[in-house]
Amino acid sequence: MVAGLHYLKGRLENHQLPKQKRQNGLSVTGALSAVSPVSHVMSPAGTAQIAAKELLDSVLDTVVRIFENHVIVGELLESKSSQQINLNTPKAMAADISWNPDSDASHDTGGYTIGFSLTVLQSECQQLICEILRATPEAASADAAVQTARLASKAPSKDKRDGSEDGLTFAFRFTDASVSIPNQGWRRGPNVLQEGYGTGAVLPEQGIYLAASVYRPVLQFTDKVASMLPQKFSQLSNDGLLAFMENFVKDHFLPTMFVDYRKSVQQAISSPAAFRPRANAAASYTSSVEKGRPVLQGLLTIDFLAKEVLGWAQAMPKFAGDLIKYVQTFLERAYERCRTSYMEAVLEKQSYMLIGRHDIDNLLRHDPASACLPNSLDQRIRETSASDAESTGVENELSDILLGLRPIKQENLIRDDNKLILLASLSDSLEYVADSIERLGKSSSKAYDHVEENGTQKPLHHTRTNSAPHKDLASFAEEYRKLAVDCLKVLHIEMQLETIFHMQEMTNREYLDDQDAEEPDDFVISLTSQITRRDEEMTPFVADVKRNYIFGGICTIAANLSLKALAEMKSINLFGVQQICRNSIALEQALAAISSIDSEVVRMRLDHVRTYYELLNMPFEALLAFISEHENLFTATEYGSLLKVQVPGREIPDDAQDRVTEILPP
């Protein structure tokens, strides 16, 4: 024990925080450890936990070997009355117990019983555990427990005073560990009376958290003792050290942990910086937190705390159900905080209200572009590869609904770019935590199953209180993903509404310029600059495939609006046609500059718009010939609009519509 405590002290004094890759100039591990209620050394996999477990394993292994001799002697003494037994065996002699074969049984044993021996041994171990935890039983009265004292190590002999042995002595108290003392409390802190093993100068106030590393050695010790006891004494193993530890964990460790971690969670989600996207994020998106993935600090902290609590659960599987409930409570509070931030950004905005409409939600689910979204969308849609025609059909149907909402009013849009960035960052952060929760749930479940199937403690004590923890955690992961999807859907619709808001100016403008303007219209310049700015601001916060989803609908909505705008124009001249073509080129350049968007698709769709307006430059007969060769290039309504708009210098015969109708299929 002396050597073990010196080893424990050395491990703690020599501990250094491991070096981790740095994110934005800060150590990821160091920053997150600062929010934990325990120091890094006291964390589930910390140096203190490892050292304490190694110490107790060593002590309890020795105790098991000692107790084995007591069991052998006890069995021999019990059987002596029925037959003559020679006790001069090595094991019996090692026990150093003598008896008088001519006296009765009580005199033969001197009152010795296996139960008494086990009580003494477990009481000694209990006191060592109390010292490790720095939690001293506070008895109601001075005579609350019987106390005895003996030397833990012999004083050094005269020929061994050269420092090879330190000659330390320790006071031991032993009580019946199975007896509960009334009004017994537990306290921890600098004012706790330090006795016995001298760990007060070694372990911090967080010593109660070492219960996690103490629990498993005690569990294994109890199982070993139980396997050695005769059947009639089997209950003794359950009433001693294990009962003490389980009561301590249930009555003191778990409540303390819950309060400590609840405070940490509250601090994590209430901090002003908790849900503020970090401005100094990397120039491009990365999927690794260690390399700079800018997960919102509040959610990154919640993920860290959840992992840490589940680390305690893995150390004490019997209490995993309670600990997982703690994690669920923390995740629920964090989700509510995320939901609040989301609502602050989208409340009373048109895009938020639209994604709640059944028809739009159905189209978004069937849109092939939605395949990039987290798993909360219909898996059947993900597994089906839609054809170009089907994809275009869904996009056009959604486009028609949105264009039918004109005029779009500015007050119904999310004009604050910071809110849009928050939605993008919140979506990615929610997905990160959801993936982490799901992995933790599955790994925790496998770990518990492995313990139950292979652990030596399975037959007696090691049963889970929660049969399928990963399913409960998976439900939280799903809620996080749904909110992440909602953030992306709002951004997807928002950018299309923003495009309509700018492009709807086409119908309010007369394209009868008397000269070439040489510049795109102001509303197009405003739209393209906004697209470029928002793309640059969102780039660090979402993956390319998600940026493609956010901005990918702009091209379709702009192209369809441009085609429909002609039907609302009374007249347009050749300079007007050039101006609209110039507008489409400017928009194409802005969209093609977004790395996540397929520039070839953008070019084809906007080239379609330019082709349409350039048909206005053709004489009627040439236009009629074009329609006969490309009857499916545009719809009958779109071809009809080409005939209705007035173009200075172009003559349209009275029967033009009938002649076009004859060419087009019914």
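When a residue number appears, it is its place in the shown sequence, counting from 1. These values consider heavy atoms only, across backbone and side chains, with no hydrogens, waters or symmetry-generated copies.
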Work out which heavy atom in Pro217 is nearest to a heavy atom in Leu56; give both atom names and the distance. CB-CD2, 4.1 Å
So, taking the atom named CG in Asn418 and the one named CZ in Arg276, what distance separates them when rounded to the nearest 0.5 Å? 10.5 Å
Please lay out, stage by stage, how Val327 and Ile437 fare under the test side-chain contact (heavy atoms from CB on, under 4.5 Å). CA-CA 10 Å; Val327 173; Ile437 293 171; over 6 Å; no
When the aromatic ring centroids of Phe253 and Tyr215 are compared, is their separation below 6.0 Å? no
How close do Leu310 and Leu440 get, counting heavy atoms only, and between which atoms? CD1-CB, 3.6 Å
Between Pro37 and Ser264 the two heavy atoms that sit nearest each other are CD-OG, 3.4 Å
Mind checking whether Arg339 and Asp486 have side chains closer than 4.5 Å, heavy atoms only? yes
Is a donor on one side and an acceptor on the other found under 3.5 Å between the side chain of Ser123 and the backbone of Thr119? no
Identify the heavy atoms of Tyr342 and Val490 that sit nearest to each other, and give their distance. OH-CG2, 3.5 Å
Determine, for Glu344 against Lys419, whether the closest basic-nitrogen to carboxylate-oxygen distance falls under 4.0 angstrom. no
Show me the donor-acceptor pairs within less than 3.5 Å that the side chains of residues 300-308 make with the rest of the protein, sequence neighbours left out.
from   : atom 1 : to     : atom 2 : distance (Å)
Thr301 : OG1    : Gln297 : O      : 2.8
Asp303 : OD1    : Ser436 : OG     : 2.4
Asp303 : OD2    : Lys307 : NZ     : 3.2
Glu308 : OE1    : Ser36  : OG     : 2.4
Glu308 : OE1    : Tyr261 : OH     : 2.6
Glu308 : OE2    : Ser36  : OG     : 3.4

I need the Lys482 NZ to Lys489 NZ distance, nearest 0.5 Å. 10.5 Å
Between the main-chain N or O of Ala268 and the side-chain N or O of Ser271, is there a donor-acceptor pair closer than 3.5 Å? no
Parallel, tilted or perpendicular, as decided by the 30° and 60° cut-offs, for the rings of His70 and Phe67: parallel
When rounded to the nearest 0.5 angstrom, what is the spacing between CG in Leu219 and CG in Leu241? 10.5 Å
Any salt bridge between Arg481 and Glu438, counting N to O under 4.0 Å? yes
From Phe258 atom CZ to Thr329 atom OG1, the distance as rounded to the nearest 0.5 Å: 5.0 Å
Does Arg333 have any side chain to side chain donor-acceptor pair (under 3.5 Å) partners at least two apart in sequence or in another chain, and if so, which? Gln266
Student check: side-chain heavy atoms of Leu420 and Ile550 closer than 4.5 Å: no
So, using salt bridge (Lys or Arg N to Asp or Glu O under 4.0 Å) as the criterion, who are the partners of Asp251 when residues are at least two apart? none
Go through it in stages, so that I can follow the logic: the residues are Tyr480 and Leu331, the test is side-chain contact (heavy atoms from CB on, under 4.5 Å), and I'd like the CA-CA distance, side-chain angles, deciding distance and then a yes or no. CA-CA 9 Å; Tyr480 274 64; Leu331 293 176; 4.0 Å; yes
With a 4.5 Å limit on heavy-atom distance, are the side chains of Ile129 and Val218 in contact? yes
Is any side-chain heavy atom of Val214 closer than 4.5 Å to one of Lys53? no
When you measure from the side chain of Ser43 to the backbone of Ser39, do you find a donor-acceptor pair of N or O atoms at a distance under 3.5 Å? no
Can any side-chain N or O of Ser427 pair as donor or acceptor with the backbone N or O of Ala484 at less than 3.5 Å? yes
Determine the minimum heavy-atom distance between Cys338 and Leu299, stating which atoms define it. SG-CD2, 3.4 Å
Interatomic distance, Leu426 atom CG to Phe275 atom CZ [nearest 0.5 angstrom]: 7.0 Å
Applying salt bridge (Lys or Arg N to Asp or Glu O under 4.0 Å), run through Asp322 and Lys250 and close with a yes or a no. CA-CA 9 Å; Asp322 294 323; Lys250 180 178 63 176; over 6 Å; no
Intermediate values then yes/no, side-chain contact (heavy atoms from CB on, under 4.5 Å), Ser213 and Ile50: CA-CA 7 Å; Ser213 62; Ile50 297 172; over 6 Å; no
From CA spacing to verdict: side-chain contact (heavy atoms from CB on, under 4.5 Å), Gln328, Phe476: CA-CA 8 Å; Gln328 291 170 342; Phe476 278 93; 3.5 Å; yes
Heavy-atom side-chain proximity of Asp544 to Tyr285 below 4.5 angstrom: no
Centroid-to-centroid, Phe319 to Trp312, below 6.0 Å? no
Taking C-beta and beyond as the side chain, do Val545 and Ser596 meet within less than 4.5 Å on heavy atoms? no
Is Arg216 salt-bridged to Asp57, cutoff N-O under 4.0 Å? no
Side chains of Tyr432 and Arg293 only: does a donor on one sit below 3.5 Å from an acceptor on the other? no
On a heavy-atom basis, the closest approach of Pro294 and Ser425 is O-OG, 3.8 Å
Taking the side chain as everything from C-beta on, heavy atoms only, tell me whether Val265 gets closer than 4.5 Å to Arg262. no
Counting C-beta onward and ignoring hydrogens, is there a side-chain heavy-atom pair between Leu296 and Asp428 closer than 4.5 Å? no
What's the spacing between Arg547 CZ and Phe541 CZ if we round to 0.5 Å? 12.5 Å
